[in-house]
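Proteins come first, then strands; the chains are lettered A, B, ... in the order of their sequence lines, and each starts at number 1.
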Amino acid sequence: MEPHHIDDIKKIINRGHVLTELHDRYSYSFDGSFGTYLPDAVVQSKHVEEIAELVKYANREWIPIIPRGQSTSLSGGPLPVKGGVVVDLSVMNDVLQIDEEDLVAVVSTGVLTSEIHKAALEKGLMYPPDPSSSHVSTIGGNLAENSGGPRGLKYGVTKDYVIGLEVITPQGEIIRTGGRTVKNVTGYDLTKLIVGSEGTLGIITKAILRLIPKPQASETVMAIFDSLEDAGAAISKILSSGILPAKMELMDQASMIAVENYEPSGLPRDAEALILIELDGHPLAVQDEAVQISKVCREIGAREIRIPQTAAEKEEVWKARKLVSPAIVRIKPTKISEDATVPRSKIPEMCRRLKQIKEKYNIHLVVFGHAGDGNLHPNIIADKSDKEEMKRVEQAVAEIFEAAVELGGTLSGEHGIGTMKAPFMEMELGPVGLDMMKRIKEAWDPNNIMNPGKIFPEPGQKLVLSE
Amino acid sequence: MKTKLEQLREELKYEKTNQCVQCGYCLPVCPTYATMGKETHSPRGRINLVKMVGEGRITDLSVLEEPMDLCLGCRACETACPTGVPYGEILEAARSAMTRRKKFSLPVRALRNTLLKRVFPSRRAMNMIGHSMWLFEKSGVQKWVRKSGMMKKLPYHLGEFEAITPASVSPTERSSLPTFTPAKGIKQYTVALFVGCIMDAMFRKINQLSVQLLAEVGCDVIVVENQTCCGALHVHAGESDHGKHLARLNIEAFEKIEADFIVNNAGGCGAMMVEYDHLLADEQDWAARAKHFVEKSRDISQVLIACGGIPVKHQPKERVTYQRSCHMTHVQKVTKEPLELILSISNVDFIEMKDPNMCCGSAGIYNIVNYEESMKILDVKMENIKETRATLMVTTNPGCLLQMKLGIERENLSEKMRAVHLVEYLAEVAGIAGKQEGN
Ligand SMILES: Cc1cc2nc3c(=O)[nH]c(=O)nc-3n(C[C@H](O)[C@H](O)[C@H](O)COP(=O)(O)OP(=O)(O)OC[C@H]3O[C@@H](n4cnc5c(N)ncnc54)[C@H](O)[C@@H]3O)c2cc1C
Ligand code: SF4
Ligand code: SF4
């Protein structure tokens with residue numbers, strides 16, 4: 001970018017801010033993943049028209065535009081890898097309406113997801129997608145990444161609850177897709193195309209989200225196993241027994257030990273895995289289902305079943321699960337969090353493969369996550385200053401992706417592709433599949449200004465974790 | 001020999017910044033991120049800037065200056081952080097590194113030196129300030145000055161602060177803090193009171209009431225000679241060497257007596273004192289002594305609860321809310337006891353405000369040096385306070401108390417609401433002191 005570009009942008013953004021000082025630019029140079037890339041400027045504005053004008057200008061001048069929520073992305077999504085202007089959309093947080101009659105929420109893009117949860121609950125409703133980062137991440141970021149969460153098993157991910165959007169196109173036009181009706185089959189489904197597009201097809205400025213009635217009751221079951229594969233088998237068996245839990249989370253031995261060392265929570269250090277199940281629905285139904293699930297787990301070989309009775313006890317159990325992430329980074333500082341996902345029937349096989357990869361590369365691999373939907377979250381704990389270790393980690397990550405794809409799974413269950421997984425796209429989609437996606441991108445954004453360098457690999461691009 | 005970058009890394013505690021996984025969990029609790037609305041003023045942003053210096057990407061330390069200056073040091077981010085990043089240490093290290101390299105202009109350097117090294121640590125100087133304030137009020141000069149409009153012309157908005165500083169104590173009263181006060185009834189503990197510097201100069205009343213309250217619940221109370229300022233202002237201003245010096249003086253002074261607890265009544269000072277062991281960790285001769293000091297340190301609310309709470313005399317019904325001191329919450333982690341004391345008072349109608357753990361913007365001398373930013377934070381706080389419709393606002397730190405009084409003035413609420421220190425309130429309901437004026 002040239003100095004005159006900044007002057008022009010300052011003229012366009014006259015109600016918001018244009019940040020160009022070095023400390024500000026550095027503050028918008030990172031996300032929750034790897035790498036630091038300096039933007040040329042950062043723009044904040046609550047006004048959609050102003051941002052649209054900016055995009056129009058950027059399209060004319062071929063300046064990259066990088067949409068950004070709160071930068072909690074784990075795949076490199078909001079990194080300005082080609083410089084340009086980061087547009088901080090977290091400031092666009094003034095609309096949050098709950099419409100009880102239509103069962104929808106209308107929100108502007110910078111609203112925090114947890115605020116939507118709160119507002120819906122106040123009216124006895126629920127917005128189901130619940131990424132663990134919901135109290136920090138924006139709904140815009142959730143839409144762009146098509147975020148999921150523990151409740152994905154029963155309720156699906158963000159895309160299953162979006163029925164309408166307002167979007168700024170890469171040409172700087174403001175369009176609306178979908179609407180307020182649950183059924184809407186008019187033409188191509190642009191709403192679903194934009195959701196999960198990681199900011200490469202436009203800037204989302206507003207969304208209409210579907211809400212559902214809040215379930216009346218919930219029960220929790222904890223099942224402890226002596227073998228990780230048995231735990232995997234139990235997960236498949238529960239799902240084929242006709243019960244659909246709201247959440248089904250897996251913790252392996254390494255994660256249990258890490259939690260116990262960090263904040264003792266009464267988890268068995270000598271067991272190889274545990275699964276944590278939450279059921280929701282009618283009070284009588286959930287009680288009965290808890291009994292059935294216990295039976296299934298025992299038959300597979302669970303060595304112990306715990307059913308917390310009070311709300312406080314339940315909270316305690318789920319807290320242990322939440323502690324896994326912080327607990328494991330105490331082992332070594334660098335955490336590579338993957339979200340490769342496999343079909344549910346392949347969970348035991350994936351568990352086996354992960355164990356092999358761990359041994360082969362001699363890495364600290366921890367497995368925990370949303371096992372119920374096959375989204376296993378293998379996490380590698382390493383030290384990024386140890387270059388030799390990081391090389392092994394890079395190879396292990398590649399092999400995890402290969403295993404997932406081979407088993408009929410996918411590179412990403414919820415964190416998106418960004419820069420981190422771009423090199424593996426062809427492996428999953430095949431050259432023609434990837435080319436079809438690229439053609440869509442080229443049609444929407446011929447000048448490639450909208451979040452360039454994401455999703456699609458550059459020729460010869462490889463995963464690099466050491467800077 | 002170490003390279004310049006290596007040395008800087010060490011000074012900045014660069015290693016600790018690697019503990020940050022940039023998850024952003026600290027963003028929602030940071031008051032400066034909320035009011036200033038930029039990642040630059042978030043904990044994650046500030047840590048990243050230090051990291052960038054450590055990696056040699058930013059070579060000019062002045063890039064850090066504004067973001068670090070505008071941090072309140074409230075440390076709410078530490079409580080929120082899932083991976084336990086020691087933000088306070090990173091902040092202090094950055095401030096020290098900057099101070100060491102900074103060339104202050106001569107007058108600024110002189111003022112810093114006089115204030116930080118001669119005035120705050122000296123009980124004589126602080127006494128003198130106390131005396132002068134008393135003289136200033138009583139002599140009629142205050143009235144004259146207020147009328148003349150001169151206050152408006154003071155730098156740093158000091159005029160606004162003058163209006164809310166508490167009525168001072170006469171010199172005869174000042175000298176009357178006894179070195180030993182015996183417990184009433186059966187003695188439970190022997191405690192040593194830390195009187196503080198500003199606390200002692202401007203809030204002598206609160207110290208007096210603290211002695212009385214402690215004696216009331218069964219403590220022998222000792223006020224040791226030779227104690228000095230806690231050092232918090234120094235460390236926060238990047239003068240950690242001088243902070244260490246003061247810490248050593250205090251440790252020495254309090255070692256002279258065999259007390260069960262070293263008691264403080266100012267959240268900020270208490271927070272500094274419970275970290276003397278971190279401050280002196282690298283000093284062989286002092287580390288163990290500092291640890292011993294820390295183990296004995298308590299907030300007054302903890303001691304009052306340990307003694308079984310306070311006896312409550314008659315108390316009319318009142319709607320009360322409580323502004324926690326950040327340092328007490330996030331550093332000392334004393335959260336239950338003050339609340340327990342307030343709730344033990346019959347007839348209290350306690351209303352929790354929204355975001356009770358959010359800083360009020362006082363933060364040492366932040367409200368003086370960063371007046372505008374501080375007032376934005378205060379305004380948010382006052383909105384939440386107004387919503388409670390409380391008539392009494394209780395705080396646990398002198399800085400917060402002043403800030404709350406300023407907030408009440410700014411909102412024209414002085415007819416409807418008063419702000420008092422927890423000690424004042426407890427003394428009042430225990431029948432030790434009359435109704436506290438407040439604002
Ligand atoms: C500790 C932790 C736990 C997490 N847990 C989960 C989890 O359980 N499930 C899950 O799915 N994810 C999880 N994540 C990942 C992350 O929180 C999500 O991807 C989230 O949706 C990102 O939101 P954000 O507001 O931070 O967006 P950002 O990180 O700022 O941006 C993400 C992407 O969205 C684009 N974008 C942002 N806003 C817009 C917009 N308005 N219009 C167009 N494009 C936009 C950006 O360009 C970027 O590509 C977790 C992250 C962390 C750090
Ligand atoms: S100490 Fe307080 S103001 Fe400073 S970064 Fe942390 S939360 Fe924000
Ligand atoms: S919460 Fe902790 S780890 Fe997360 S960004 Fe803040 S300081 Fe870093």
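Listed for the A:Gln44 side chain is a donor-acceptor partner under 3.5 Å among the backbone atoms of B:Gly37. Panel note: side chain A:His23, backbone B:Val63; a donor-acceptor pair is recorded below 3.5 Å. Remark: side-chain polar atoms of B:Asn18 are not paired, donor with acceptor, to backbone N or O of A:Pro333 under 3.5 angstrom. Of the possible polar contacts, one joining the A:Tyr28 side chain to the B:Glu39 backbone as a donor-acceptor pair under 3.5 Å is found.
For A:Leu74, no part lies near chain B; criterion is any non-hydrogen pair under 4.5 Å. For B:Glu66, the part lying near chain A is the side chain, with the backbone staying farther off; criterion is any non-hydrogen pair under 4.5 Å. Interface residue A:Ser132: backbone and side-chain heavy atoms are both found under 4.5 Å from chain B. Contacts between A:Ser71 and chain B at a heavy-atom distance below 4.5 Å involve backbone atoms as well as side-chain atoms. For B:Arg44, the parts lying under 4.5 angstrom from a heavy atom of chain A are both the backbone and the side chain.
Ranked by non-hydrogen atom pairs under 4.5 Å with chain A, the options B:Gln19, B:Glu65, B:Met52, B:Arg46 are led by B:Met52. Counting heavy-atom pairs closer than 4.5 Å to chain B, the top residue among A:Asp88, A:Asp31, A:Leu22 is A:Asp31.
Shown here for B:Cys23 and A:Val136, the closest heavy-atom pair between the two residues is O-CG1, 4.4 Å. For the pair B:Thr83 and A:Arg330, the tightest heavy-atom approach, listed with the atom from each and the gap, is C-NH2, 2.9 Å. When all heavy atoms of B:Asn48 and A:Tyr26 are compared, the closest pair comes out as ND2-O, 3.2 Å.
Contact check for B:Tyr33 versus A:Ser90: side-chain heavy atoms found under the 4.5 Å cut-off. Under the 4.5 Å side-chain criterion, counting only non-hydrogen atoms from C-beta, A:Asp24 is not in contact with B:Pro67.
Within a 6.0 Å sphere centred on NZ of B:Lys386, heavy atoms belonging to other residues, nucleotides or ligands number more than 12. Residue-environment remark: NE2 (A:His117) exceeds the threshold of 12 foreign heavy atoms within 6.0 Å. Within a 6.0 Å sphere centred on CZ of B:Arg319, other residues, nucleotides and ligands contribute more than 12 heavy atoms. Within 6.0 Å of the NZ atom in B:Lys333, the count of heavy atoms belonging to other residues, nucleotides or ligands exceeds 12. Other residues, nucleotides and ligands contribute more than 12 heavy atoms inside 6.0 Å of the NZ atom of A:Lys46. The neighbour count for A:Glu315 CD, taken as heavy atoms of other residues, nucleotides or ligands under 6.0 Å away, does not exceed 12.
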